[in-house]
Amino acid sequence: MSRTCWRLWRDIRHARTPSRVHVRPDSTGLHHLLSAKRAHTEGVDKQVVHDDMERALATFHSLLDQVSDADLGRESHSTRWNNRQLLFHMLLGFLIIRALATLIRLFDRLPVRVGRGFARLLNAGTRPFDVVNYLGSWLGGAALGRRQMTALFDRVIAALHRRLDRETDVELARGMHYPTRWDPFFQDYMTLADLYRYPVRHFDFHHRQLTLKDRG
């Protein structure tokens, strides 16, 4: 583990990002990477992403407006959280996008081996991540009330709408390797376009695990 960390740090320190990149036709893995970027960004419709985020926002409001406190305290299906904590976890999927987007912009400019090494390092730390992931949503769900969660959801969706509108096709095509053991919706390689789709998929998946009488 320590040797992997050292190699990753060494690669990041010595990485250089030239202003103009000269591509050799026989660059190892380059054609595969470029093909992956094209496949992940083909047919990106910003309006569809905007609409999906608005749908998730409306669903979240409906859930918290209509359910009882008893429903929120009930255990969810197939998770260790109660419904309130799971709702916070669904919100968390949107809150982390800004940080993940920053990582994509960083690692897209570094050698491919650095991104792969970083993903392997994170995969090796899946168990402590699971603990942090569980405790974070447990604490968030316990600490925030309905109004606080809905207000936070409103703000993060508004921010994501603004960010998505500013993204160019070049930016949406940037990508990096991801730790696939951390989340079932993380792919081995994800572009920024994939990242904007991720939180709604994460939201819809966990929505089905809620045990509310009226799930919106």
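Bear in mind the structure is a predicted one, so any value in this text is a computation, not a measurement.
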Could you report the tightest heavy-atom contact between Leu72 and Leu212, atom names first, then the distance? N-CD2, 4.3 Å
Below 30° counts as parallel, above 60° as perpendicular, anything between as tilted: where do the rings of Phe203 and His207 land? tilted
With Val132, which residues qualify under side chain to side chain contact (heavy atoms under 4.5 Å, CB included), at least two apart? none
Regarding Asp65 and Ser62, do their side chains bring together a donor and an acceptor under 3.5 Å, going by distance alone? no
Working note: Asp183 + His202, criterion side-chain contact (heavy atoms from CB on, under 4.5 Å); need CA distance, chi angles, decisive distance, verdict. CA-CA 9 Å; Asp183 191 284; His202 175 266; 3.7 Å; yes
Would you say Phe107 and Val170 are hydrophobically clustered, going by side-chain heavy atoms of ILVMFWY under 4.5 Å? no
Walk me through whether Leu172 and Lys46 qualify under side-chain contact (heavy atoms from CB on, under 4.5 Å). CA-CA 10 Å; Leu172 289 172; Lys46 287 186 178 181; 4.1 Å; yes
Taken in chain and number order and not counting sequence neighbours, the residues that satisfy ring-ring contact (aromatic ring centres under 6.0 Å, His included) with His161 are His50
Validation: residues 92-106 side-chain donor-acceptor distances under 3.5 Å, sequence neighbours left out:
| residue | atom | partner | partner atom | Å |
| --- | --- | --- | --- | --- |
| Thr102 | OG1 | Arg98 | O | 3.1 |
| Arg105 | NE | Glu171 | OE1 | 3.1 |
| Arg105 | NH2 | Glu167 | OE1 | 2.7 |
| Arg105 | NH2 | Glu167 | OE2 | 2.7 |

Any side-chain heavy-atom pair from Thr180 and Gln187 closer than 4.5 angstrom? no
Hey, what do you get for CG (Leu192) to CG (Asp169), rounding to the nearest 0.5 Å? 11.5 Å
In short, salt bridge (Lys or Arg N to Asp or Glu O under 4.0 Å) pairs touching residues 75-95 with sequence neighbours left out are none
Measure the shortest side-chain to side-chain distance between Trp81 and Phe88 over non-hydrogen atoms and say whether it is less than 4.5 angstrom. no
Just verifying a value: how many Å separate Leu57 CG and Asp52 CG, rounded to the nearest 0.5 Å? 12.5 Å
Determine whether Leu63 and Asn83 make a side-chain contact, defined as any pair of heavy atoms from C-beta on separated by less than 4.5 Å. no
Correct closest heavy-atom pair for Val49 and Tyr196 would be CG1-O, 3.8 Å
Can you name the residues that form a side-chain hydrogen bond (donor to acceptor under 3.5 Å, both in side chains) with Thr79, not counting sequence neighbours? Ser76
Going by the side-chain hydrogen bond (donor to acceptor under 3.5 Å, both in side chains) test, which pairs reach into residues 130-141, not counting sequence neighbours? His89-Ser137
d(Arg127 CZ, Arg181 CZ) to nearest 0.5 Å is 8.5 Å
So, do Val112 and His177 sit near enough that their side-chain heavy atoms are less than 4.5 Å apart? yes
Is there a side-chain contact between Arg109 and Arg174, using heavy atoms and a 4.5 Å cut-off? yes
With Arg166 via side chain to side chain contact (heavy atoms under 4.5 Å, CB included) - residues at least two apart: Arg162, Arg163
Taking the side chain as every heavy atom from C-beta outward, state whether Val200 and Met53 have any pair of such atoms under 4.5 Å apart. yes
Test of understanding: clusters of I, L, V, M, F, W, Y form through side-chain heavy atoms closer than 4.5 Å, transitively. Do Met90 and Leu139 belong to the same one? yes
Applying salt bridge (charged side-chain N to carboxylate O under 4.0 Å, His left out), name anything that partners Asp204, two or more places apart in sequence or on another chain. Arg55
Within the distance-only criterion (no hydrogens, no angle test), does the side chain of Asn82 pair as donor or acceptor with the backbone N or O of Arg74 below 3.5 angstrom? no
I need the Leu122 CG to Phe129 CZ distance, nearest 0.5 Å. 9.5 Å
Could you pull out the closest heavy-atom pair between Leu91 and Met149, with the gap in Å? CD2-O, 4.0 Å
Could you pull out all residues at least two apart from Asp51 that satisfy side-chain hydrogen bond (donor to acceptor under 3.5 Å, both in side chains)? Gln47
Taking ring-ring contact (aromatic ring centres under 6.0 Å, His included) as the test, write out the residues that go with Phe60, two or more places apart. Phe153
Show me the pairs that pass side-chain hydrogen bond (donor to acceptor under 3.5 Å, both in side chains) and involve residues 142-154, at least two apart or across chains. His61-Asp154, Asp69-Arg146
For Phe185, ring-ring contact (aromatic ring centres under 6.0 Å, His included) partners two or more places apart: Phe205
Which is it for Tyr178 and Asp194 under the side-chain hydrogen bond (donor to acceptor under 3.5 Å, both in side chains) test, yes or no, and what are the steps along the way? CA-CA 11 Å; Tyr178 265 70; Asp194 293 323; over 6 Å; no
